[in-house]
There are 2 protein chains.
Amino acid sequence: MKDDRVSEAVIHRLPKYYRYLTELDSLGTERVSSAKMSKDTGLNASQIRRDFNCFGGFGQQGYGYQVKRLRNEIKNILGINRQYNAIVIGAGNIGQALIKYENFPREGFFIRGVFDVDKKKIGEQINGLAVQPLGALKKFLRRTPCQIGIVATPKRAAQETADFLVSLGIRAIWNFAPTEVAVDEGISIENVNLSDSLYVLSYRMNTDKMG
Amino acid sequence: MKDDRVSEAVIHRLPKYYRYLTELDSLGTERVSSAKMSKDTGLNASQIRRDFNCFGGFGQQGYGYQVKRLRNEIKNILGINRQYNAIVIGAGNIGQALIKYENFPREGFFIRGVFDVDKKKIGEQINGLAVQPLGALKKFLRRTPCQIGIVATPKRAAQETADFLVSLGIRAIWNFAPTEVAVDEGISIENVNLSDSLYVLSYRMNTDKMG
DNA sequence: TAGATTGTTAATCGATTAACAATC
DNA sequence: TAGATTGTTAATCGATTAACAATC
């Protein structure tokens, strides 16, 4: 890692590299050049080499990159070489879908608890997890340390929920409410705004038109 | 609209402007300057004016922008001044959550049907919609024209599903499978990759650390 | 060694920001 | 008119791409 503030553009290409290398590895491919990666992913070969070199020199001149090694380096860089515990706040549709999503545990992300303020939802079972009142969260986190707080509340509750999670020591917020949530320096945030995504699709539909 | 190939960066700021102006309007604010917008959103004032001017001059020197007018212009640009019909392919967790999500109909996006290849799921009711076999889609679209196809299948089925939708005349794909889907020129695509988003959050957690 | 391909420097391109003339 | 603020041109900054020397 030589890291020198890596740009957002690079960060968002990392998962794509990781997926591609996983595919390559599962196919039994042992080595790959930036030229081949370029052909397969559509990204520029210079850019690919430059991206990797943000974190260190993983290749070898005249040879290219070892698929397994490179994949593993990127896995490390992304921090997905370990397990994470998460809690969900909000037992609505989005919260439930995330709890049931099979891919997350497969990738080392485990949702350990679900919390809601709605009394009617308390006790409800979602994928083997009983919905708990938000007031039970503090004690819960003492027994089950969690790194990630997933905000799946309505818009109006999103910011206060995030603030509450941070106050309890959570250092990463994954926000699904249709509004941006602000956090202090040092706290990680990732906003997934489905409405925004749909707006962008709508924009494209009204612009992409052609043969 | 003077449009001259609007950059992705601008496109992705449009929903943010729209949300902000909606908020301002609901508060009864009638006019706003780029300086005020800059203060509230954190974006640079020059950038804001430049972004709007990709589409036309919506402001007035010495006055600023009329909130209602500007909001409406952006609504038009985004194409969310009308209604859209959509179908969901894949009645799993993600598909179900999207069908139940109350915000979409509120914003003019209506999910009219849900289809799956899994015989066990056919007939199941989701929010008043019966899951249908994929074979019934062609006929369904004749009765109920849909503009958007939502891919909520497993990874392996994503590309073929998208291709099938396009073959039936769907011109916009909203893809939730954890893999990128490629479409021809002229077809709109928006990929929402939850795993990628989680990877980025994980990366941040391992980098943001500080006070 | 000759060939291949990286890592890195230099050139290009595009996006952001600053500055200011136009104008309400 | 004087003041405010846009729309737009010019300057800056950063990201992408090309080129090539280093080296396996």
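Within every chain, numbering begins at 1; the chains are lettered A, B, ... in the order of the sequence lines, protein sequences first and strands thereafter.
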- prompt: Between the side-chain atoms of A/S46 and the base atoms of D/dA18, is any donor-acceptor pair under 3.5 Å?
  reply: yes

- request: Specify the separation, in whole Å, of atom CD of A/E8 and atom P of D/dC13.
  value: 20 Å

- request: Any strand is fair game: report the nucleotide pairing with D/dA22 by Watson-Crick or G-U wobble, both distances under 3.5 Å, or none.
  value: C/dT5

- prompt: With a 3.5 Å cut-off and no angle check, do the side chains of A/Q159 and A/D163 form a donor-acceptor pair?
  reply: yes

Contact under 4.0 Å: A/Y65 side-chain N or O vs C/dG7 OP1/OP2: yes

Closest to the B/A9 side chain, choosing from C/dT17, C/dT16, D/dT16: C/dT16

message: Is a donor from one side chain sitting under 3.5 angstrom from an acceptor on the other, for A/R106 and A/N103?
response: yes

message: Taking 4.0 Å as the cut-off, does a side-chain nitrogen or oxygen of A/R50 come that near to OP1 or OP2 on C/dT9?
response: no

message: Is A/Q47 close enough to D/dT16 that one of its side-chain N or O atoms is under 4.0 Å from OP1 or OP2 there?
response: yes

query: Quick one: B/R31 CZ to D/dT6 C1', roughly how many Å, whole number?
result: 12 Å

query: For A/R112 and A/T144, does a side-chain donor sit closer than 3.5 Å to a side-chain acceptor?
result: no

- prompt: Between A/S7 and A/Q61, who's closer to the 5' end of DNA chain D by nearest nucleotide?
  reply: A/S7

statement: Rounded to whole Å, CZ of A/F52 lies from P of C/dT5 at a distance of 15 Å

query: Are OP1 or OP2 of D/dA22 and a side-chain N or O of A/R49 less than 4.0 angstrom apart?
result: no

message: Can you tell me the base-pairing partner of C/dG14? Count Watson-Crick or G-U wobble geometry only, both distances below 3.5 Å, and say none if there is no partner.
response: D/dC13

statement: Between B/Y17 and the options B/F52, B/F58, B/Y65, B/F55, the ring-ring contact (aromatic ring centres under 6.0 Å, His included) test singles out B/F52

Ionic contact status for B/R19 with B/E23, cut-off 4.0 Å: no

- prompt: CD1 of B/I11 versus C1' of C/dA15: gap in Å, rounded?
  reply: 14 Å

- prompt: Looking at B/N53, does any N or O in its side chain come under 4.0 Å of the phosphate oxygens OP1/OP2 on D/dT6?
  reply: no

- prompt: How long is the line joining CZ of A/F55 and P of C/dG7, in whole Å?
  reply: 14 Å

- prompt: Rounded to the Å, how far apart are B/H12 NE2 and C/dA15 P?
  reply: 13 Å

- line: Whole-Å distance, B/Q66 CD to D/dA4 P, equals 20 Å

query: So which one's nearest nucleotide on DNA chain D is more toward 5', A/D51 or B/V32?
result: B/V32

task: Using only side-chain N and O atoms of A/N44, determine if any of them is under 4.0 Å from OP1 or OP2 of D/dT16.
output: no

- request: Find the distance B/I48:CD1 to C/dA18:C1' and express it as a whole number of Å.
  value: 15 Å

